[in-house]
A.B. asks: 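Below is the structure I would like to discuss, written out as structure tokens.
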Amino acid sequence: MRNLRDQTVVIAGASSGMGLASALAFARLGCNLVLAARREEAVKQAALRCNETGAAEAVGLVADVTDPRQMGALASAAMERFGRIDVWVNMAGLSMWGAFEEIPVEAQARLVQVNLIGVMNGCHAALPHMLRQGRGVLINMSSIGGRMPMPFAAAYTASKYGVTGFTEALRDEVSARSGVKVCGVYPGFVDTPTNLHSANYTGRTLRPIPPVLDPEKVAEGIVSLAQYPRRSLHLGLHNALAVPYAVAPEATGRTAGKMMEGFLLHSGQPAPATEGTLFDPVAEGTTTRGGWRPDPGTATSLTASLALLAAVPIGLLALSVGLGMRGRR
């Protein structure tokens, strides 16, 4: 585990949520921070908050992860300001919910551009500097949706599976020829302003499937990866579903599909479709948390939690039955 004081950390997507929480966590450890986001005022405020810790030097810059030239300029700015890049966190991204056929194809393509190509652009900008240094840590934000499919979030699943595959391949590639480490982060639902930023075509207000992680918990995990790099970090109970899905995908997938259809499309308050921050940033949502924690006593929250937990034994039961039938042949 290494001391991060005076290390240079770049975070692409640092104006709110997990990115802002991570910036503050690194700041408290005395890191040099280069923060990037599309919202100028929000990212400058994020840098100010980091500087106010008294332990860090932080700068906030405007950059869009979908533009490789802007990511290259971000890396150059970090090198000019601090002389090296020790940690680069590709945090920018958002989710998209709704029936696949109801979502405009251009919106789905844009989501993949932000979530997947944005990560690739960040790594492409940072890696040459790290290779010249002989070391560095790249941290890519995936999701539970990068480990198992999420019904009614097909494009989001595609983007996050892409991040997972890209991260794994890049890790193996650079480990063979350098000291650069590549890590993937896989959280479940996190209490960020995602309800304001995500694209929503469900016709209902967005609500998470509990239990919901605090963004500070994710930030702690990201800091731990910078200190002790490893292949992957799984955060939250939702990751438990990846095991039964891997061994019994039909039973687990059908259960998840039925649960998500009822939860997303047929419950909750009616709401108009929104692109969120897919194409343009919005002024709202500049905090770490979004107040996205459901009341644990409500029927919808209880139903979602029970359905989620029930999917695990259902998947395992299907697996045992299948193995038993094969054993009798």
Side-chain angles (χ1 to χ4, degrees), residues 9-29 31 33-65 89-97 111 114-115 118 139 141-144 156 185 187-200 205-224 235-236 238 268-269 271 274-296 298 301:
V9 179
V10 180
I11 303 177
S15 62
S16 66
M18 294 178 286
L20 176 57
S22 298
L24 293 169
F26 279 115
R28 287 189 285 269
L29 294 177
C31 297
L33 287 161
V34 180
L35 310 179
R38 290 179 297 171
R39 299 180 291 180
E40 182 175 12
E41 181 60 28
V43 77
K44 289 188 180 301
Q45 284 297 316
L48 178 62
R49 290 184 62 181
C50 290
N51 286 322
E52 287 175 344
T53 66
E57 182 180 350
V59 59
L61 302 174
V62 175
D64 187 333
V65 298
V89 183
N90 287 304
M91 181 67 73
L94 70 158
S95 58
M96 174 186 287
W97 303 92
L111 184 78
V114 174
N115 287 2
I139 301 175
M141 180 56 61
S142 186
S143 163
I144 178 58
Y156 177 78
V185 184
F189 287 85
V190 185
D191 181 21
T192 70
T194 185
N195 57 320
L196 299 173
H197 297 166
S198 292
N200 179 13
T205 55
L206 285 181
R207 295 159 299 135
I209 296 177
V212 181
L213 288 165
D214 292 328
E216 292 80 9
K217 182 68 174 179
V218 179
E220 290 174 8
I222 289 172
V223 168
S224 76
L235 297 167
H238 301 91
Q269 296 298 314
T274 174
E275 297 174 345
T277 61
L278 194 58
F279 295 98
D280 296 296
V282 298
E284 297 80 7
T286 58
T287 56
T288 55
R289 301 193 186 196
W292 213 37
R293 285 184 175 279
D295 181 351
T298 62
S301 297

A.B. asks: Taking atom types as modelled, find out whether Ser198 and Tyr156 have a side-chain donor-acceptor pair closer than 3.5 angstrom.
C.D. replies: no

A.B. asks: Considering all heavy atoms of both residues, which atom of Val65 and which atom of Ala92 are nearest to each other, and what is their separation?
C.D. replies: CG1-CB, 3.8 Å

A.B. asks: Report the distance from atom CZ of Arg207 to atom CH2 of Trp97, rounding to the nearest 0.5 Å.
C.D. replies: 11.5 Å

A.B. asks: Would a 4.5 Å heavy-atom cut-off, applied to side chains only, mark Thr286 and Gln45 as touching?
C.D. replies: no

A.B. asks: Do Leu48 and Glu52 have side chains that get closer than 4.5 Å, going by heavy atoms?
C.D. replies: yes

A.B. asks: To the nearest 0.5 Å, what is the distance between CG (Leu278) and CG (Asn200)?
C.D. replies: 12.0 Å

A.B. asks: Run Val185 and Met18 through side-chain contact (heavy atoms from CB on, under 4.5 Å) and show every step you take.
C.D. replies: CA-CA 11 Å; Val185 184; Met18 294 178 286; over 6 Å; no

A.B. asks: Could you report the tightest heavy-atom contact between Ala27 and Thr53, atom names first, then the distance?
C.D. replies: O-OG1, 3.7 Å

A.B. asks: Just wondering, do Met141 and Pro187 contact through their side chains at under 4.5 Å, heavy atoms?
C.D. replies: yes

A.B. asks: On a heavy-atom basis, which atom in Val43 and which in Ser15 lie closest, and how many Å separate them?
C.D. replies: N-CB, 4.2 Å

A.B. asks: Can you name the nearest heavy-atom pair linking His238 to Ile209, along with the distance?
C.D. replies: NE2-O, 2.8 Å

A.B. asks: For the residue pair Val114 and Leu94, establish whether any side-chain heavy-atom pair is separated by less than 4.5 Å.
C.D. replies: yes

A.B. asks: When rounded to the nearest 0.5 angstrom, what is the spacing between CG in Leu206 and CG in Leu196?
C.D. replies: 9.5 Å

A.B. asks: Kindly compute the distance separating CD (Glu220) from CG (Asp214), expressed to the nearest 0.5 Å.
C.D. replies: 9.0 Å

A.B. asks: Taking the side chain as every heavy atom from C-beta outward, state whether Thr277 and Arg39 have any pair of such atoms under 4.5 Å apart.
C.D. replies: no

A.B. asks: A side-chain contact here means heavy atoms from C-beta on lying under 4.5 Å apart; do Ile222 and Phe26 qualify?
C.D. replies: yes

A.B. asks: Find the distance between OG1 (Thr274) and NE2 (His197) and round it off to the nearest 0.5 Å.
C.D. replies: 10.5 Å

A.B. asks: Work out which heavy atom in Ala14 is nearest to a heavy atom in Ala46; give both atom names and the distance.
C.D. replies: O-CB, 3.7 Å

A.B. asks: Looking at side-chain heavy atoms only, is the closest gap between Pro193 and Thr287 below 4.5 Å?
C.D. replies: yes

A.B. asks: Rounded to the nearest 0.5 Å, how far does OG of Ser16 lie from CZ of Arg289?
C.D. replies: 14.0 Å

A.B. asks: For Arg38, I'd like to know if atom CZ has over 12 heavy atoms of other residues, nucleotides or ligands within 6.0 Å.
C.D. replies: yes

A.B. asks: Is the backbone N or O of Gly290 less than 3.5 Å from a side-chain atom of Asp191, with the two atoms forming a donor-acceptor pair by type?
C.D. replies: yes

A.B. asks: Search all heavy atoms of Ala36 against all heavy atoms of Ala63 and return the closest pair with its distance.
C.D. replies: CB-CB, 4.1 Å

A.B. asks: Just by modelled atom types, is the Ala58 backbone N or O under 3.5 Å from a matching donor or acceptor in the Asn51 side chain?
C.D. replies: yes

A.B. asks: Decide yes or no on side-chain contact (heavy atoms from CB on, under 4.5 Å) for Leu35 and Cys50, but give the supporting numbers first.
C.D. replies: CA-CA 10 Å; Leu35 310 179; Cys50 290; 4.1 Å; yes

